[in-house]
Amino acid sequence: MLTIWGRLNSHNVKKVAWLAAEIGLPHVRHDVGGPFGMDAAYLALNPNALIPTIQDDDVVLWESNAILRYLAARYAPDLWPLDPVDRAQGDKWMDWQFAFSSAQHRAFHGLIRTAPADRDPEAIAQSAAKCAELIPVLEKVLGDQAWLSGDRFGIGDIPMGVYIHTWLSLAIERPPTPNIAAWYERLKSRPAYAELVMIPLT
Ligand SMILES: N[C@@H](CCC(=O)N[C@@H](CS)C(=O)NCC(=O)O)C(=O)O
(Lines give C-alpha, C1' and ligand atoms only; values in the text may rest on other atoms or scores of the structure.)
Protein backbone atom coordinates (compact mmCIF):
# COMPACT_ATOMS: atom_id res chain seq x y z
CA MET A 1 0.00 0.00 0.00
CA LEU A 2 1.11 3.57 -0.67
CA THR A 3 2.65 5.37 2.30
CA ILE A 4 2.77 9.16 2.41
CA TRP A 5 4.96 10.95 4.95
CA GLY A 6 4.19 14.57 5.78
CA ARG A 7 1.98 16.79 7.94
CA LEU A 8 -1.19 17.83 6.15
CA ASN A 9 -0.83 21.57 6.77
CA SER A 10 2.05 21.56 4.26
CA HIS A 11 1.14 22.76 0.77
CA ASN A 12 3.34 20.10 -0.81
CA VAL A 13 1.87 17.28 1.25
CA LYS A 14 -1.67 18.46 0.47
CA LYS A 15 -0.97 17.97 -3.25
CA VAL A 16 -0.11 14.30 -2.78
CA ALA A 17 -2.84 13.53 -0.23
CA TRP A 18 -5.41 15.20 -2.52
CA LEU A 19 -4.38 13.16 -5.56
CA ALA A 20 -4.37 9.88 -3.62
CA ALA A 21 -7.89 10.61 -2.32
CA GLU A 22 -9.05 11.98 -5.68
CA ILE A 23 -8.27 8.66 -7.40
CA GLY A 24 -9.30 6.47 -4.46
CA LEU A 25 -5.81 5.07 -3.99
CA PRO A 26 -5.54 3.19 -0.67
CA HIS A 27 -2.82 4.77 1.44
CA VAL A 28 -1.62 5.59 4.90
CA ARG A 29 -0.19 8.99 5.82
CA HIS A 30 2.16 9.64 8.71
CA ASP A 31 2.66 13.09 10.22
CA VAL A 32 6.28 14.15 9.72
CA GLY A 33 7.92 17.58 9.57
CA GLY A 34 7.33 20.82 11.43
CA PRO A 35 6.37 20.09 15.06
CA PHE A 36 6.39 16.34 14.35
CA GLY A 37 10.09 16.34 13.43
CA MET A 38 11.96 13.84 11.28
CA ASP A 39 13.68 10.78 12.64
CA ALA A 40 16.71 9.02 11.22
CA ALA A 41 14.56 6.46 9.40
CA TYR A 42 12.73 9.27 7.60
CA LEU A 43 15.95 11.09 6.74
CA ALA A 44 17.27 7.88 5.24
CA LEU A 45 14.34 7.98 2.81
CA ASN A 46 14.61 11.71 2.11
CA PRO A 47 18.06 13.21 2.67
CA ASN A 48 16.67 16.69 1.88
CA ALA A 49 14.92 16.75 5.27
CA LEU A 50 11.75 17.93 3.53
CA ILE A 51 8.22 16.59 3.13
CA PRO A 52 6.49 14.90 1.39
CA THR A 53 8.03 11.51 0.68
CA ILE A 54 6.18 8.44 -0.55
CA GLN A 55 6.89 4.73 -0.68
CA ASP A 56 4.97 2.60 -3.14
CA ASP A 57 6.18 -1.00 -3.28
CA ASP A 58 9.93 -0.56 -3.76
CA VAL A 59 9.63 2.99 -5.05
CA VAL A 60 10.70 5.77 -2.69
CA LEU A 61 10.11 9.25 -4.09
CA TRP A 62 10.30 12.86 -2.96
CA GLU A 63 9.54 16.18 -4.72
CA SER A 64 5.79 16.69 -4.65
CA ASN A 65 5.25 17.39 -8.33
CA ALA A 66 7.36 14.37 -9.33
CA ILE A 67 5.17 12.32 -6.98
CA LEU A 68 2.01 13.63 -8.69
CA ARG A 69 3.40 12.64 -12.10
CA TYR A 70 4.44 9.20 -10.86
CA LEU A 71 1.09 8.43 -9.22
CA ALA A 72 -0.88 9.69 -12.22
CA ALA A 73 1.25 7.74 -14.71
CA ARG A 74 0.92 4.56 -12.66
CA TYR A 75 -2.64 4.76 -11.33
CA ALA A 76 -4.61 7.50 -13.08
CA PRO A 77 -3.35 8.08 -16.62
CA ASP A 78 -6.56 9.99 -17.43
CA LEU A 79 -5.31 12.79 -15.20
CA TRP A 80 -2.07 13.27 -17.17
CA PRO A 81 -2.72 13.33 -20.93
CA LEU A 82 -0.45 11.23 -23.12
CA ASP A 83 -0.55 13.68 -26.01
CA PRO A 84 2.68 15.70 -25.67
CA VAL A 85 1.01 19.02 -26.45
CA ASP A 86 -1.88 18.53 -24.01
CA ARG A 87 0.50 17.20 -21.38
CA ALA A 88 2.87 20.15 -21.70
CA GLN A 89 0.04 22.70 -21.47
CA GLY A 90 -1.03 21.29 -18.10
CA ASP A 91 2.52 20.60 -16.92
CA LYS A 92 3.59 24.20 -17.27
CA TRP A 93 1.19 25.23 -14.50
CA MET A 94 2.84 22.68 -12.21
CA ASP A 95 6.15 24.49 -12.77
CA TRP A 96 4.57 27.97 -12.69
CA GLN A 97 3.41 27.14 -9.17
CA PHE A 98 7.01 27.63 -7.95
CA ALA A 99 6.99 31.27 -9.08
CA PHE A 100 3.68 31.87 -7.34
CA SER A 101 4.49 29.96 -4.14
CA SER A 102 7.83 31.80 -3.82
CA ALA A 103 5.97 35.10 -4.14
CA GLN A 104 3.36 34.04 -1.57
CA HIS A 105 5.83 32.56 0.93
CA ARG A 106 6.42 35.64 3.10
CA ALA A 107 2.74 36.58 3.28
CA PHE A 108 1.83 33.02 4.31
CA HIS A 109 4.57 32.68 6.92
CA GLY A 110 4.08 36.24 8.16
CA LEU A 111 0.34 36.01 8.63
CA ILE A 112 -0.08 32.35 9.55
CA ARG A 113 3.11 31.17 11.22
CA THR A 114 4.36 34.35 12.90
CA ALA A 115 2.99 35.89 16.10
CA PRO A 116 1.33 39.27 15.42
CA ALA A 117 4.00 41.14 17.44
CA ASP A 118 6.79 39.63 15.35
CA ARG A 119 5.27 40.26 11.91
CA ASP A 120 7.01 42.33 9.23
CA PRO A 121 4.10 44.22 7.60
CA GLU A 122 6.29 45.53 4.79
CA ALA A 123 7.47 42.04 3.83
CA ILE A 124 3.88 40.80 3.92
CA ALA A 125 2.69 43.69 1.73
CA GLN A 126 5.55 43.14 -0.75
CA SER A 127 4.71 39.44 -0.93
CA ALA A 128 1.02 40.19 -1.52
CA ALA A 129 1.95 42.74 -4.21
CA LYS A 130 4.16 40.21 -6.00
CA CYS A 131 1.27 37.71 -5.99
CA ALA A 132 -1.03 40.39 -7.39
CA GLU A 133 1.52 41.00 -10.16
CA LEU A 134 1.63 37.31 -11.13
CA ILE A 135 -2.01 36.35 -10.73
CA PRO A 136 -3.35 37.95 -13.96
CA VAL A 137 -1.48 35.23 -15.88
CA LEU A 138 -3.59 32.58 -14.17
CA GLU A 139 -6.74 34.66 -14.37
CA LYS A 140 -6.35 35.02 -18.14
CA VAL A 141 -5.96 31.31 -18.94
CA LEU A 142 -8.95 30.40 -16.79
CA GLY A 143 -11.04 32.72 -18.93
CA ASP A 144 -10.23 30.51 -21.92
CA GLN A 145 -10.45 27.03 -20.36
CA ALA A 146 -12.20 25.42 -17.38
CA TRP A 147 -9.12 23.73 -15.94
CA LEU A 148 -5.39 24.41 -15.94
CA SER A 149 -5.02 20.93 -17.45
CA GLY A 150 -7.29 21.91 -20.37
CA ASP A 151 -10.95 21.07 -20.78
CA ARG A 152 -10.76 18.37 -18.08
CA PHE A 153 -9.41 18.28 -14.54
CA GLY A 154 -5.91 16.81 -14.31
CA ILE A 155 -2.75 16.91 -12.23
CA GLY A 156 -1.92 20.26 -13.84
CA ASP A 157 -4.62 21.72 -11.57
CA ILE A 158 -3.28 20.30 -8.34
CA PRO A 159 -0.26 22.45 -7.38
CA MET A 160 -1.95 25.80 -8.05
CA GLY A 161 -5.23 24.40 -6.72
CA VAL A 162 -3.49 24.01 -3.35
CA TYR A 163 -1.86 27.45 -3.37
CA ILE A 164 -4.98 29.27 -4.55
CA HIS A 165 -6.85 28.17 -1.44
CA THR A 166 -4.12 29.89 0.60
CA TRP A 167 -4.14 33.02 -1.57
CA LEU A 168 -7.92 33.35 -1.25
CA SER A 169 -7.80 32.70 2.50
CA LEU A 170 -5.03 35.13 3.53
CA ALA A 171 -5.97 38.57 4.85
CA ILE A 172 -4.18 40.40 2.02
CA GLU A 173 -5.19 42.75 -0.78
CA ARG A 174 -6.22 40.89 -3.91
CA PRO A 175 -7.26 42.14 -7.34
CA PRO A 176 -10.67 40.87 -8.55
CA THR A 177 -10.24 37.51 -10.29
CA PRO A 178 -13.66 36.16 -11.39
CA ASN A 179 -12.20 33.37 -13.54
CA ILE A 180 -10.07 32.12 -10.65
CA ALA A 181 -13.12 32.36 -8.36
CA ALA A 182 -15.10 30.17 -10.78
CA TRP A 183 -12.25 27.63 -10.98
CA TYR A 184 -12.03 27.63 -7.15
CA GLU A 185 -15.77 26.84 -7.03
CA ARG A 186 -15.18 23.91 -9.40
CA LEU A 187 -12.31 22.70 -7.20
CA LYS A 188 -14.45 23.04 -4.06
CA SER A 189 -17.02 20.68 -5.53
CA ARG A 190 -14.39 17.89 -5.59
CA PRO A 191 -14.73 16.01 -2.27
CA ALA A 192 -11.02 15.28 -1.90
CA TYR A 193 -10.19 18.97 -2.35
CA ALA A 194 -12.84 20.05 0.14
CA GLU A 195 -11.65 17.53 2.71
CA LEU A 196 -7.87 17.77 2.43
CA VAL A 197 -6.98 21.14 0.92
CA MET A 198 -9.64 23.43 2.38
CA ILE A 199 -8.46 23.04 5.92
CA PRO A 200 -7.65 26.00 8.17
CA LEU A 201 -4.24 27.46 7.44
CA THR A 202 -1.75 26.66 10.21
N1 LIG B 1 10.29 21.04 -3.77
C2 LIG B 1 9.83 20.29 -2.62
C3 LIG B 1 9.65 21.26 -1.47
C4 LIG B 1 9.29 20.54 -0.18
C5 LIG B 1 9.18 21.50 1.00
O6 LIG B 1 9.66 22.64 0.95
N7 LIG B 1 8.48 21.03 2.02
C8 LIG B 1 8.33 21.82 3.24
C9 LIG B 1 6.86 21.82 3.67
S10 LIG B 1 5.78 22.49 2.42
C11 LIG B 1 9.14 21.19 4.36
O12 LIG B 1 9.52 20.04 4.28
N13 LIG B 1 9.43 21.95 5.43
C14 LIG B 1 10.14 21.43 6.57
C15 LIG B 1 9.25 20.74 7.56
O16 LIG B 1 8.04 20.64 7.37
O17 LIG B 1 9.79 20.30 8.58
C18 LIG B 1 8.53 19.55 -2.97
O19 LIG B 1 7.79 20.06 -3.84
O20 LIG B 1 8.26 18.47 -2.43
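Read the numbers this way: they start at 1 and go in the same order the structure lists the ligands and their atoms.
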Could you give the N/O to N/O pairs under 3.5 Å linking ligand 1 and the protein, each with its distance?
residue: ligand 1; atom: 1 (N); partner: E63; partner atom: OE1; Å: 2.7
residue: ligand 1; atom: 1 (N); partner: E63; partner atom: OE2; Å: 3.3
residue: ligand 1; atom: 7 (N); partner: I51; partner atom: O; Å: 2.9
residue: ligand 1; atom: 12 (O); partner: I51; partner atom: N; Å: 2.8
residue: ligand 1; atom: 16 (O); partner: R7; partner atom: NE; Å: 3.2
residue: ligand 1; atom: 16 (O); partner: R7; partner atom: NH2; Å: 2.6
residue: ligand 1; atom: 16 (O); partner: G34; partner atom: N; Å: 3.3
residue: ligand 1; atom: 17 (O); partner: G34; partner atom: N; Å: 2.8
residue: ligand 1; atom: 19 (O); partner: N12; partner atom: OD1; Å: 3.4
residue: ligand 1; atom: 19 (O); partner: S64; partner atom: N; Å: 3.3
residue: ligand 1; atom: 19 (O); partner: S64; partner atom: OG; Å: 2.6
residue: ligand 1; atom: 20 (O); partner: S64; partner atom: N; Å: 2.8

Of all residues at least two apart in sequence or in a different chain, which pass the side chain to side chain donor-acceptor pair (under 3.5 Å) check with K14? none
Locate the shortest heavy-atom distance separating L8 from A17; write the atom from each residue and the value. CD1-CB, 3.8 Å
Is it the case that the side chains of N46 and W5 hold a donor-acceptor pair, with the cut-off being a distance below 3.5 Å and no angle test? no
Quick check with a 6.0 Å cut-off and a 45 degree axis cone: is R190 positioned over the face of W147's six-membered ring? yes
Under the salt bridge (Lys or Arg N to Asp or Glu O under 4.0 Å) test, which residues partner D95, sequence neighbours left out? R69
Can you pull out every salt bridge (Lys or Arg N to Asp or Glu O under 4.0 Å) where at least one residue sits in residues 24-34? Sequence neighbours excluded, please. R29-D31
